[in-house]
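The next block holds one structure in the form of structure tokens; read it before the comments.
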Amino acid sequence: MSEPLAPQYNPQAIESELYRFWKQRGLFGPSDAPAAAPYVIIMPPPNVTAVLHMGHGLNNTIQDVLVRFERMRGRATLWVPGTDHAGIATQNVVERLLAKEGRTRFDLGREPFIERVWEYVHETGPVILRQLEALGCSADWSRTYFTFNDALSRAVREAFVTLYEKGLIYRGHYIINWCPRCLTALSNEEAEKEEEDGRIWRLHYPLADGSGHVTVATTRPETMLGDSGVAVHPDDQRYQRLIGQVVRLPLTDRLIPIVADEAVDPAFGTGAVKVTPAHDLLDFEIGKRHGLASIDVMTPEARMSLAAPERFHGLDRYDARRRVVEEFERLGLLEGVDQHRHAVGHCYRCDTVIEPRLSEQWFVKMAPLAKPALDAYRDGRLRFVPERRGDEYARWMENIRDWCISRQLWWGHRIPVWYCQAERCGKMIASRTDIDRCPDCGGPVRQDEDVLDTWFSSQLVPLSSLGWPDLTPDLDRFYPGHTMVTAPEILFFWVARMVMAGLEFRGNVPFSTVYLHGTVRDTQHRKMSKSLGNGIDPLDVIGLYGADALRYTLVAGSAVGTDVILDPDDIETSFAPGRNFANKLWNAGRFILSNLQGPVRPLAGTRNAVRSSELALADRWIIARCDATIAEVTEALERFRLNEAAAAAYRFVWSDLADWYIEQIKPRLIGEQPGGDVARAVAAQTFDVALRLLHPVMPFVTETLWQRLPGRPAGACISVAPWPSVDRRAANPSAVEQFDALQELVSAVRALRGEYGVQPGKGVEVWVTARGPSDVFDAERDTVQRLAKISDLRFDQATRSRVGAHAVLRDGTGVFMPAEGVFDVGREAERLRKE
RNA sequence: GGGCGAAUAGCUCAGCCGGUUCAGAGCGCCUGCCUUACACGCAGGAAGUCGGGGGUUCGAAUCCCUCUUCGCCCACCA
């Protein structure tokens, strides 16, 4: 309280200590006040192996701003943090570690490998949470969840078995996206399509009767080894005579039929399609319709399998492609090759080109789940910020396809299905608890080897993090939640599925608003990522300038629906505004605090409260500006326009409070003019409000200063101080108008002084007449007197002889400059300049 | 191929349900200041026909059309 504040704000000295104080005080948990309406945000769980990057920084800063705002507004706020076991990502990381030891997961075996991953997770898991603390996140750590802990695993089982029993989960042979590096199936969302320049080959397939050939076009010639037919459109005149004929598949001895199928686009390529049911979705469907064989010619690693001719065995798919093309060329069966731009799927984790592959997997039937989720959006129970994202959501829901949920990984929730090994029984049992005997025949059972897509557990988080499937008090009080803050990339991966899960298992949407913020990018608009090396480490920024500076910059830079651009080569430029602003607040606070040593009169409520007649023009002006700022910041936060809230508070603190008000009251504080107690009261009050308005964005510096304001009981904490509200009694629009006019006047005079090179202290004389009631006049005279002083002008006299604003300037040479109305001062200055 | 977003001062971006914050902020730049809170600061200043073209309107950065250039999302045309 009494130790002097350093002239430069030093975040390192206060942040961690302050954070510990908040935690000790238990400020992050929801209030128990029964009347307090809950406000709940579930944190999008970072991967358990992640280290904090700017994307987390932005995401969690936004959540913290909203949570702190609502907490101050008296809601029982609950921000539930957690981490995600991130099946494929985490497994990949640990496999890479093993690779450095020259081993693979298969060398270890399943159980030891999982043990190894757990070890790693225990090591790294807490890291990101600690980093979120450095950011200042006011999450309720006592409720931290992990998607693979026992409780959440139970929720996964419950969800799986429930859906299974409802017939919404099924197992089937299907063409899935296969990653030959991760050796697992992927969902459609996990297969990222990228446009690429590729080639398309035209191949001759000779007719078996030697009467000619049919030309097919393909982008993946190696798959022809698995062809079991050729398809043309039934109405395609060119091929009418070929339908029903047989071709001899080159490079093999297979005879395969030419069939007619509506799915073929006669306008594309040659109008004839080679059909490879085991390696292409469209072909698979055509094959099914025509009873064509599925010949899988690749191994899981995407090498040619034993089903291919012997000379291809073991060849990588791209080597095989070259070889196939060569052989066609040698046989004179290669008609040509064209450039072809097309979309190719890539693994979202390792970027390997996806191989469509026939395989037996588990799926969730999505249409029945999507219907209520679409309705919830249509009837307004679910809304999106920005709004247009809702249309994307709806489109996806309307065109939803079944979700492949099985993964051929070891790290994850194992599919809770057991197969009875008894020959006569052979039942398939889905169970909430592990079983070791067939419940029907008592025979031995074997659990499915696969694990679930990591998003299967993620979709349950709004429920499971609150205790579901148990009907816990938390679930009762805090479900459904309110705001989901996340990146648009995972709208489909995660958000849409959470909505469906919430509706399915709890009958209501898990949150009412989805706030989708932008992506953090570099100046070339590339996404910041470790692999590109264009990232900025948030912890570096926190170390240099403090969490408040980082948070301010992120918030100020993110208008709704737009990306945040930062320059990784110039951290200083990117974050200086936040750093400077924190320092500005700090110093304004230093100055005000140093002037509040004695008792400070309240602005209202008690007998010695400042009466409105005591308020000078500047006082009324700053109070009015303060009120306007409260309204602005509050409305902006309510509408998720965090950048506008930050800008409004910034303007108020810097342009109004510091640049004008504090300068204006100095003579009163120093004692040159009466009314110091009033100035002190107003300064204390408006600064208090400014700190509270800024607390959600800059929690540390505001808390430090606020606690030092006079009249704070021991242990007082801005984090739970009431959000400021507008005091109508103090509002005074005319004060704003007048003071703004005076600002203009002073600025014009200052400019004139510069123009004429008038020396400080012996410059321009100012006369002012005021408009309005006499009390306004008196206040205005004081103000002008003061402003004239700080402008190095000499204030001579004022008269109330005329009504209406009227300023007269006279420079040292005696030139008069009458101005009709204060608004015209600028123009008059212009006129004078010309004379 | 379908859908969406963005183009505003040298740079990064606000403003965009038409007209008193309308041409703005921060950084950078120029001039003068270490004025007893802050040089991470103070005061003043230069700088943009709001991507091009057309239209609606009394009036458009703001609404409509079109073109150009970027970016994103979705897509089983082999």
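FYI, side chains are in, hydrogens and waters are out, and symmetry mates aren't considered; it's all heavy atoms of this structure. Convention: sequence-line order gives letters A, B, ...; per-chain numbering from 1.
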Stem finding on RNA chain B, please: runs of three or more consecutive Watson-Crick or G-U wobble pairs, both distances under 3.5 Å, sorted by first number.
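Result, WC/G-U stems under 3.5 Å: B:1-7 with B:68-74, B:10-13 with B:24-27, B:29-33 with B:41-45, B:51-55 with B:63-67.
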Give me the distance, rounded to whole Å, that separates B:C67 from B:G48 when you measure between the C1' atoms they each carry.
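Between the two C1' atoms, the distance is 23 Å.
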Using the P atom as the point on both nucleotides, what is the distance between B:G15 and B:C73, in whole Å?
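Here B:C73 and B:G15 have their P atoms 23 Å from each other.
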Under 4.0 Å between a Lys/Arg side-chain N and an Asp/Glu carboxylate O for [X] and [Y]?
X      : Y      : value
A:E635 : A:R639 : yes
A:E632 : A:R641 : no
A:D261 : A:R289 : yes

Atom pair distance, as rounded to whole Å: [atom1] in [X] and [atom2] in [N]:
X      : N     : atom1 : atom2 : answer
A:E572 : B:U12 : CD    : P     : 18 Å
A:F575 : B:C11 : CZ    : P     : 21 Å
A:I571 : B:C27 : CD1   : P     : 18 Å
A:I665 : B:U36 : CD1   : P     : 17 Å
A:I592 : B:C38 : CD1   : P     : 14 Å
A:R651 : B:G15 : CZ    : P     : 12 Å
A:R590 : B:U36 : CZ    : P     : 12 Å

Glycosidic conformation of B:U36, taking syn as within 90° of 0 and anti otherwise
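Anti, which is what one calls it when the glycosidic angle falls more than 90° from 0.
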How does each nucleotide of nucleotides 71-78 of chain B score, in 5' to 3' order, for protein heavy atoms under 4.0 Å: base (B), sugar-phosphate only (S), or none (-)?
---SBBBB
For the residue pair A:K274 and A:D283, what are the closest heavy atoms and their distance?
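Closest approach of A:K274 to A:D283: O-OD2, 3.2 Å.
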Proximity to the side chain of A:Y650 - top-ranked nucleotide from B:C42, B:G26, B:A37:
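My answer, after comparing the listed nucleotides, is B:G26.
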Distance test, side-chain N/O of [X] to OP1/OP2 of [N], below 4.0 Å:
X      : N     : answer
A:N580 : B:G41 : yes
A:W654 : B:C42 : yes
A:T573 : B:G26 : no

Reported CH2-to-CH2 distance for the pair A:W621 and A:W660, which is rounded to 0.5 angstrom:
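It comes to 8.0 Å.
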[X]-[Y] side chain donor-acceptor pair, cut-off 3.5 Å:
X      : Y      : value
A:E335 : A:H204 : yes
A:E190 : A:Y348 : yes
A:D227 : A:Y205 : yes
A:S294 : A:K288 : no

Heavy-atom donor-acceptor pair, A:Q8 side-chain to B:A37 base, under 3.5 Å
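No, no donor-acceptor pair under 3.5 Å.
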